[in-house]
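Structure first, then comments.
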Amino acid sequence: SIMHCRECGAMGWGGTMRQNDERVRPEPDNFYKAFFGRKTTLRFFFPQAGAVGTELFSERLCGHCLQVFNAGGSSDTAPLCPGCGESTLLLPVYVHRETKKQKDKNIADVTCPFCKNASGLTILGSRAASITSVCLGQAYATIFNDDKKALAFSDNVQDASHRASFLSARTYRTTLRTAICKVAPEGVEPMSLPALQDAFVRHWESALSPVDFVGTFLPHNMTWLRDYEHLWAEGKLPRGSHLPGFVRDRMRYELAVEYGHRARTGRTLEKSGALAPFFDPKLVTEAVTILAGFLKSQGGGLESLSTEALNSLLLGLLHRLRVRGGIHQPVLDSYVETMGDTFVINNRIDWMPNYRFGSPAPTFYFIGSDRQRKFERLVSTGTAPSGAQQWAAKVCTVPGGTFTKEVAEVVLQEAMTALTGVGILSERQALPDNRVWGIEPEHLLMSPRVTQLRCEGCGHGMSVAEEELSSWDGQMLC
């Protein structure tokens, strides 16, 4: 099975191996059970890419017999496979076999080893329901379809119910994205996220009646509400209904999600080049100046870091925080204070989406003692570096060539301070003693002028606003 990370674009293969196995078991049924059941037999194999260092890729995967063996850390092709004796198709791979504790039980850790996204790795492939949903999504989005109805057949009652809900959920997101495009800025002037949220609600509440507004934009996890049941039965909302207000608040949140932790999932507006987010280059430049001034006062080689490197560092940190959903919103205050406890979302706010175990949820940077791993540590407390540390080590070259954990802690904390100082980020306190950073929504801007970029090494694509293009094209590392 082919694996793909939705956030960083890393691709590899998946299989199963028991503790003493030397060969990969490729059977799809066993792999699916291991992947969705988080069994410790789960293995991911990532081939070495030209732009990636060789230190991780000390093992070889034989393309003939699927035996995995250690090559002793050498980047040279091993002469023979110990299993079948072949000397060809011996691929340098990184074998991801990490596990973690959950309720006194070891389970497979499916965190992407490159970008550290806990929910980024997915199985690449489509079955009937997915392909049908894509076709229906396209058919529902076209202006030539003036009778948006679909009839699907199944030979199983339970399966038919499941597929109906699945297809309906998929077409809902297409409807939402089409509605966002109707209010997106059409000229060259960008629009902030709160301005886009206000424009969306103002436009569609004036264009539709309260009943049509609810009927068009009500998410599927809100159909249990009593006011909707009354609407379904009577064809009208009850007197004094709160449902239009709930849908209004949900739409504001969904627009933030579209450019937050769902920005890389599916055919999003960002990936399709319809509307790209960016941060004010003047504020980013001001933050670079603040950070450079501090690092010069520290010495130890940090003063040699160029403004180009620091600019890439800050933009990379902001991009990672955004696509993981780290955008501060009032409705998430309790969620942040409890360090990512989804109970305060799932059970206390009727109009919020349900975040179940394993589903992507807003993730913020933090420093502190929290051990739940729901937010992302700015600097790792273990031996494996955090995603922010990996990015800092990639773009910042210090004398001696070693970007130690101590150096990373200084640079990254001051990066957060600089970005907070110019207003792009804000810092919150979360119990017991955690510092949490998130993006201030008024400084997340949307541009209709979009350029599609692609990495020459790995092919990873990015949609970049032209206002930020000079900092990305030919300047930013992948």
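Since the model is a prediction, treat every value here as computed from it, not as a measurement.
Judged by distance alone, the side chains of N311 and S471 do bring a donor and an acceptor atom under 3.5 Å apart. Using modelled atom types, one finds no donor on one side chain facing an acceptor on the other under 3.5 Å when comparing T99 with N106. No donor-acceptor contact under 3.5 angstrom links the side chains of T420 and E427, judged on distance only. Between the side chains of S192 and E442, no donor N or O sits under 3.5 Å from an acceptor N or O. Between the side chains of Q389 and S386, at least one donor-acceptor pair of N or O atoms lies under 3.5 Å. Side-chain atoms of N221 and R250 form a donor-acceptor pair, as typed in the model, at a separation below 3.5 Å.
Closest non-hydrogen pair, G14 versus F44, comes out as CA-CD2, 4.2 Å. Of all the heavy atoms in F279 and E468, the pair that sits closest is N-OE2, 3.1 Å. The shortest heavy-atom contact between V344 and S334 is CG2-C, 4.1 Å. Across all their heavy atoms, C396 and L313 have their closest contact at SG-CD2, 4.1 Å. In terms of heavy atoms, A430 sits closest to E337 at CB-O, 3.7 Å. L295 approaches V411 most closely through the heavy-atom pair CD2-CG2, 4.2 Å.
In this structure, T363 contributes its side chain and A361 its backbone to a donor-acceptor pair below 3.5 Å. Between the T285 side chain and the P281 main chain, a donor and an acceptor come within less than 3.5 Å of each other. Formation of a donor-acceptor pair under 3.5 Å by the S312 side chain with backbone atoms of V395 is not found in this model. Of the possible donor and acceptor atoms, none in the side chain of H96 sits under 3.5 Å from a partner among the backbone N and O of F45.
Atom CZ of R262 has 12 or fewer heavy atoms from other residues, nucleotides or ligands within 6.0 Å. No more than 12 heavy atoms of other residues, nucleotides or ligands sit less than 6.0 Å from atom NZ of K182. H242 NE2: 12 or fewer foreign heavy atoms inside a 6.0 Å radius. By the neighbour-count criterion of 12 heavy atoms within 6.0 Å, atom NZ of K105 is sparsely surrounded, having that number or fewer from other residues, nucleotides or ligands.
Residues P385 and Q390 meet the side-chain proximity criterion, which asks for heavy atoms closer than 4.5 Å. Taking the side chain as every heavy atom from C-beta outward, T174 and T178 approach each other to under 4.5 Å. Residues W204 and V183 form a side-chain contact, since some pair of their non-hydrogen atoms from C-beta on lies under 4.5 Å apart.
Using a 4.0 Å cut-off between charged side-chain N and carboxylate O, R97 and D109 make no salt bridge. A salt bridge links E440 with R428: at least one charged nitrogen is closer than 4.0 Å to a carboxylate oxygen. R449 and E467 are joined by a salt bridge, as a carboxylate oxygen and a charged side-chain nitrogen come within less than 4.0 angstrom of each other. Electrostatic pairing of R322 and E270 counts as a salt bridge here, judged by a charged N lying under 4.0 Å from a carboxylate O.
Annotation: side chain to side chain contact (heavy atoms under 4.5 Å, CB included) contacts of A34 (sequence neighbours excluded): T16, K39, T41, L42.
Between F217 and F200, a ring centre-to-centre spacing shorter than 6.0 Å is recorded. The aromatic ring centroids of Y355 and H261 lie less than 6.0 Å from each other.
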(request) Please assess F343 against Y335 for the test ring pair (Phe, Tyr, Trp, His ring centres under 6.0 Å), listing each intermediate value before the final yes or no. (result) CA-CA 8 Å; F343 178 86; Y335 174 78; over 10 Å; no

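Residue pairs meeting the salt bridge (Lys or Arg N to Asp or Glu O under 4.0 Å) criterion with at least one partner in residues 190-214, sequence neighbours excluded, are D198-R252, E205-R248.
Evaluated for a side chain to side chain contact (heavy atoms under 4.5 Å, CB included) with Y365, the options E376, R324, R377 yield exactly one hit, E376. Evaluated for a side chain to side chain contact (heavy atoms under 4.5 Å, CB included) with V284, the options T289, L315, V422, L419 yield exactly one hit, L315. Partner of F364 under the side chain to side chain contact (heavy atoms under 4.5 Å, CB included) criterion, out of I439, N434, L332, L425: L332 alone.
In this structure, NE2 in H328 is found 10.5 Å from CH2 in W437, a value given to the nearest 0.5 Å.
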